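Side chains included, hydrogens not; waters and symmetry mates left out as well; all remaining heavy atoms used. Everything quoted here is computed from the prediction, not taken from an experiment. The first residue of the sequence shown is numbered 1, and numbering continues consecutively from there.
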Amino acid sequence: SDPIAPTTPITTVDFLANQALLATDDATDPLLVYDLSRASQPTRLGVIELPGNPSWFSLIAPGWLLGVADAGIAPWQPQLEVTLFDVTDPALPRVHAKRLLDPGTTSPALADPRNATWAATAGGGIGLLAVVAHPMYLPPVLGSGPFGIDIVSVRPELGSEALARVGLLGTLGIDAQTGTHPLRTFF
């Protein structure tokens, strides 16, 4: 048993049965899988070591975790990246597919998960990710834009081509009362 991220902030977490899937702010170990069957003694099952760290993720089907991260090479050069993780074997989680979105874009979803959402189709594991995006040089201001919603289709059966950008929906403003985009009404 080891402490869960004793010195590194946890940025997002999701649960699958007795397992916790969590992302940390560590640049080299961004995705950790823990067994929580004994809650007082969590046990690390697996880790993915790769650059960047997911700031938003969601289990989209058993064994499939979808993440959004800033994969830019520097804070002033952001680039959104969508990653599909295969977590069917918790001891050996792996990246199944990655998709970079437009260079220079960032998203409020990196700090606030309400700015991204997943909509599954009837079979589960196949569907659409919608994430609010904007150019880094135009930070979000309440009541104004430009903003868009990047739409990414997810089909794990397509292997490394499982993620496909299918569009960018117009410009939107932020809801001045909640400070978020109206994604929940999109689907």
Side-chain angles (χ1 to χ4, degrees), residues 9-14 21-31 48-60 64-87 93-120 125-142 144-156 158-175 178-184 186-187:
I10 295 172
T11 58
T12 188
V13 66
D14 211 333
L21 303 143
L22 57 98
T24 69
D25 204 18
D26 187 336
T28 57
D29 295 339
L31 179 64
I48 292 180
E49 297 176 6
L50 53 111
N53 59 328
S55 297
W56 176 93
F57 62 46
S58 179
L59 281 164
I60 60 169
W64 297 105
L65 183 71
L66 190 61
V68 175
D70 179 0
I73 58 173
W76 58 90
Q77 293 178 310
Q79 185 167 20
L80 288 178
E81 178 179 70
V82 178
T83 305
L84 181 61
F85 298 96
D86 179 349
V87 292
R94 65 182 184 87
V95 172
H96 185 71
K98 286 184 179 186
R99 179 71 177 192
L100 289 169
L101 301 180
D102 293 337
T105 58
T106 188
S107 173
L110 300 176
D112 183 347
R114 295 175 296 174
N115 289 289
T117 193
W118 164 254
I126 298 172
L128 296 174
L129 167 70
V131 61
V132 174
H134 66 85
M136 190 227 176
Y137 56 87
L138 293 170
V141 177
L142 290 179
S144 65
F147 296 94
I149 299 178
D150 258 304
I151 308 295
V152 177
S153 73
V154 181
R155 298 183 60 198
L158 297 179
S160 64
E161 300 297 316
L163 302 171
R165 183 176 185 202
V166 294
L168 177 65
L169 295 180
T171 58
L172 302 171
I174 295 177
D175 183 312
T178 65
T180 61
H181 294 272
L183 279 181
R184 292 292 172 203
F186 175 72
F187 290 102

Report yes or no: does Q79 contribute a side-chain atom to a donor-acceptor pair with the main-chain N or O of T105 at less than 3.5 Å?
-> no
Any donor-acceptor pair under 3.5 Å linking the side chain of D70 with the backbone of P78?
-> no
Hey, could you give me the [atom1]/[atom2] distance between [X] and [Y], rounded to the nearest 0.5 Å?
X    : Y    : atom1 : atom2 : result
L66  : W56  : CG    : CH2   : 5.0 Å
T106 : L80  : OG1   : CG    : 5.5 Å
S160 : K98  : OG    : NZ    : 12.5 Å
R99  : R165 : CZ    : CZ    : 8.0 Å
T83  : L163 : OG1   : CG    : 7.5 Å
T117 : L129 : OG1   : CG    : 8.0 Å

Are [X] and [Y] packed together at the side-chain level, in the sense that at least one heavy-atom pair is separated by less than 4.5 angstrom?
X    : Y    : result
L21  : F85  : no
W64  : D86  : yes
W118 : V154 : yes

Of all heavy-atom pairs between [X] and [Y], which one has the smallest distance, and what is that distance?
X    : Y    : result
G159 : A97  : O-CB, 3.7 Å
A116 : A109 : CB-CB, 3.9 Å
A130 : I151 : CB-CD1, 3.9 Å

Name the one of L158, I60, L65, V95 that satisfies side chain to side chain contact (heavy atoms under 4.5 Å, CB included) with L84?
-> I60
